[in-house]
Trainee: 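Before anything else, here's the structure in question.
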Amino acid sequence: MKILITGGAGFIGSHLTERLLGMGHKVFVIDNLWTGKLSNLESVQEDKNFHLVVDTILNESVMNELIFKADEIYHLAAAVGVRNIMDHPVETLEINVKGTEVVLRLANRFKKKVFIASTSEIYGKHVEHTLAEDDNRVMGTVKKRRWAYACSKTLDEFLALAYHDEKKLPVVIGRLFNTVGPRQTGQYGMVLPNFVQSALLGKPITVHGDGTQSRSFTHVDDVLDAMIGLMNEPKAIGDVFNIGTDNEVTIKELAEKVKEMTGSSSEIEYIPYEKAYGPGFEDMERRCPNIDKIRNLIGFEPKHDLESIIQSVIDYFKS
Ligand code: UDP
């Protein structure tokens, strides 16, 4: 098959590129290298089935040609990382809203199947229980910039479902929960690469707030299993799935675990959110998925526990 990956030079996109090439597909990547990097694609550069276009997904003539040629599309291009979203709110909204609009409109022109990479952020400030796909969303005020990201991705989901229901476009939506693994950079705020790098360098491990906020981390290889599994399952079309693990951990516990596993002498330092992200920031206190839906449909079972996830990131930074 010929597969188009938008954002294929990013952390998840580059792993997906390698995986799909390994499965014998021809892979076309479009990436504007905002947060993606050519070095992420080093291992596939010489592969005759790999084609890279460095451009924005907002370039409709280029996208028209790529989508025309493709049999299916994985749409991963988006603004990523809390720091990026806080620092570049206009670009975040533009790329997430307009970019997905371009992808869906052109995919519909040629009726090509699309995977839309969405995010657990869209659930907002839920704390009560693990998050299931049909739960209500709890959004903060528009004065808190973080929620712009959640709302832009929510709009992407609405648009994808609208194209499916009204135009019969085959779409599959995956909500990714804190994907981590080798190649993820800490540059845009992500906690695990930041903790591991600080621990290895003997620098303070900085926890935002009091560290009682929790997350569930998923290894990128498990995320790929889920995404490809959903795209290969006709019953997933027109529906939304959580992609994650239910290994909830507080950020304080994560810092302690990273310190222990790296044997680091780093201090664990607690800093206020405002110091980390500036005013206008609001965190999610808890975020853990219910993954029954994907489990029941494609038998998805994450293979990496928290220790092996942390170890893979330590190994990556050490090498
Ligand atoms: N965080 C932290 N120290 C860091 C980076 C992040 O304590 O150096 C916290 C962050 O405030 C949040 C959690 O770790 O509570 C997860 O942050 P990340 O940006 O990785 O993901 P998200 O907030 O999107 O879940």
Side-chain angles (χ1 to χ4, degrees), residues 10-12 35 78-89 92 96 117-127 130-131 137-140 144-154 175-181 183-201 203-220 223 242-259 262 264 266-289 306 309-310 313 317:
F11 156 55
I12 303 173
T35 55
V80 289
V82 174
R83 185 165 305 286
N84 227 348
I85 286 139
M86 294 300 288
D87 292 347
H88 305 284
T92 298
N96 289 4
S118 184
T119 166
S120 55
E121 280 271 324
I122 72 113
Y123 290 105
K125 302 194 277 183
H126 254 294
V127 284
T130 57
L131 300 163
R137 296 173 307 109
V138 186
M139 287 294 122
K144 305 259 177 182
R145 204 175 271 175
R146 181 199 190 123
W147 305 114
Y149 174 71
C151 288
S152 66
K153 296 299 281 188
T154 305
R175 289 184 190 148
L176 276 52
F177 281 69
N178 292 77
T179 307
V180 289
R183 269 188 222 141
Q184 185 179 41
T185 161
Q187 214 177 329
Y188 309 108
M190 281 79 164
V191 67
L192 188 55
N194 271 303
F195 280 6
V196 169
Q197 271 179 302
S198 298
L200 291 176
L201 294 170
K203 295 202 313 199
I205 299 173
T206 50
V207 172
H208 303 160
D210 63 5
T212 55
Q213 71 273 31
S214 69
R215 295 293 187 272
S216 318
F217 294 92
T218 315
H219 193 278
V220 63
V223 170
N242 285 340
I243 297 180
T245 50
D246 32 23
N247 62 3
E248 196 172 2
V249 62
T250 67
I251 299 304
K252 179 175 186 285
E253 286 163 351
L254 183 74
E256 285 161 357
K257 202 143 196 74
V258 167
K259 183 173 153 81
T262 49
S264 172
S266 293
E267 295 290 321
I268 298 177
E269 202 175 87
Y270 293 81
I271 63 164
Y273 284 108
E274 300 76 56
K275 197 167 164 206
Y277 292 122
F281 183 77
E282 189 167 31
D283 201 9
M284 293 173 77
E285 274 178 52
R286 182 176 180 212
R287 190 197 279 154
C288 181
L306 187 60
I309 288 174
I310 296 173
V313 176
F317 281 111

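Just follow the structure's listing: the first ligand is 1, and inside any ligand the first atom is 1. The basis for the numbers below is simple: all heavy atoms, side chains too, and nothing from hydrogens, waters or symmetry mates. These figures come from a predicted structure and were not determined experimentally.
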Trainee: Side chain, backbone, both or neither: which part of Met284 comes within less than 4.0 Å of ligand 1 when only heavy atoms are counted?
Mentor: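 The answer is neither; Met284 stays 4.0 Å or more away.
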Trainee: Identify, by atom number and element, the atoms of ligand 1 in contact range of Arg146, meaning under 4.0 Å from any of its heavy atoms.
Mentor: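 Listed by number with element: 22 (P), 23 (O), 24 (O).
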Trainee: Answer yes when Lys252 and Glu256 have at least one side-chain N-carboxylate O distance shorter than 4.0 Å, and no when they do not.
Mentor: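 Judged by the 4.0 Å cut-off on N to carboxylate O distance, Lys252 and Glu256 do form a salt bridge.
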Trainee: Can you pull out the closest protein heavy atom to atom 8 (O) of ligand 1? Residue, atom name and distance to 0.1 Å, please.
Mentor: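 For atom 8 (O) of ligand 1, the nearest protein heavy atom is Thr206 O, 3.5 Å.
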Trainee: As an exercise, identify every atom of ligand 1 less than 4.0 angstrom from a heavy atom of Asn194.
Mentor: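 Counting atoms of ligand 1 from 1, those under 4.0 Å from Asn194 are 8 (O).
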Trainee: Please classify the His208 to ligand 1 contact at 4.0 Å (heavy-atom distances, strictly less than): side chain, backbone, both or neither.
Mentor: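 Within the 4.0 Å criterion, His208 contacts ligand 1 through backbone and side-chain atoms alike.
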Trainee: Please list, in number order, the atoms of ligand 1 under 4.0 Å from a heavy atom of Glu121.
Mentor: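 Those of ligand 1 that fall under 4.0 Å from Glu121 are 24 (O).
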Trainee: With a 4.5 Å limit on heavy-atom distance, are the side chains of Ser118 and Arg175 in contact?
Mentor: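 Contact flag for Ser118/Arg175 side chains = yes.
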Trainee: Going by the atom numbers of ligand 1, which of them fall below 4.0 Å from some non-hydrogen atom of Val207?
Mentor: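 Near Val207, the atoms of ligand 1 are 7 (O).
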Trainee: Let me see the working for Arg215 and Asp283 under salt bridge (Lys or Arg N to Asp or Glu O under 4.0 Å), right down to the final yes or no.
Mentor: CA-CA 11 Å; Arg215 295 293 187 272; Asp283 201 9; 2.8 Å; yes
Trainee: Once you round to the nearest 0.5 Å, how far does CG of Leu254 lie from CD1 of Ile268?
Mentor: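 Between Leu254 CG and Ile268 CD1, I get 9.5 Å after rounding to 0.5 Å.
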Trainee: Could you tell me how the ring of His208 sits relative to the ring of Tyr273: parallel (under 30°), tilted (30 to 60°) or perpendicular (over 60°)?
Mentor: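 Taking Tyr273 first and then His208, their aromatic rings stand perpendicular (interplane angle over 60°).
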Trainee: Of all the non-hydrogen atoms in the protein, which one sits nearest to atom 13 (C) of ligand 1, and at what distance?
Mentor: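 Going atom by atom, the protein heavy atom closest to atom 13 (C) of ligand 1 ends up being Ile251 CD1, 3.7 Å.
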Trainee: With heavy-atom distances below 4.0 Å as the criterion, list the atoms of ligand 1 near Arg287.
Mentor: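 Listed by number with element, the hits are 22 (P), 24 (O), 25 (O).
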Trainee: As an exercise, identify every atom of ligand 1 less than 4.0 angstrom from a heavy atom of Tyr273.
Mentor: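 Once the distances to Tyr273 are compared, the set is 11 (O).
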Trainee: Show me which atoms of ligand 1 lie under 4.0 Å from any heavy atom of Gly189.
Mentor: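 Heavy-atom distances to Gly189 below 4.0 Å select 5 (C), 6 (C), 19 (O).
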Trainee: Using the side chain to side chain donor-acceptor pair (under 3.5 Å) definition, which of the options Lys144, Lys125, Arg146 pairs with Glu282?
Mentor: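 Among the candidates, only Lys125 passes.
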Trainee: What distance do Met284 atom CE and Asn178 atom CG have between them, rounded to the nearest 0.5 Å?
Mentor: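 Those atoms lie 8.5 Å apart.
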Trainee: Please lay out, stage by stage, how Asn194 and Tyr188 fare under the test side chain to side chain donor-acceptor pair (under 3.5 Å).
Mentor: CA-CA 9 Å; Asn194 271 303; Tyr188 309 108; over 6 Å; no
Trainee: Looking only at protein heavy atoms, identify the closest one to atom 15 (O) of ligand 1 and say how far it is in Å.
Mentor: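 Protein heavy atom with the smallest distance to atom 15 (O) of ligand 1: Asp283 OD2, 2.5 Å.
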Trainee: For ligand 1, indicate whether the residue Val191 contacts it via side chain, backbone, both or neither (heavy-atom separation under 4.0 Å).
Mentor: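 For Val191, backbone and side-chain atoms both sit under 4.0 Å from ligand 1.
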Trainee: Say you draw a straight line from OG1 of Thr35 to NE2 of His88; how long is it, rounded to the nearest 0.5 Å?
Mentor: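 With rounding to 0.5 Å, OG1 (Thr35) is 10.5 Å from NE2 (His88).
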Trainee: Out of all atoms in ligand 1, which are within 4.0 Å of some heavy atom of Asn178? Include the element for each.
Mentor: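 Ligand 1 atoms under the 4.0 Å threshold to Asn178: 21 (O), 22 (P), 25 (O).
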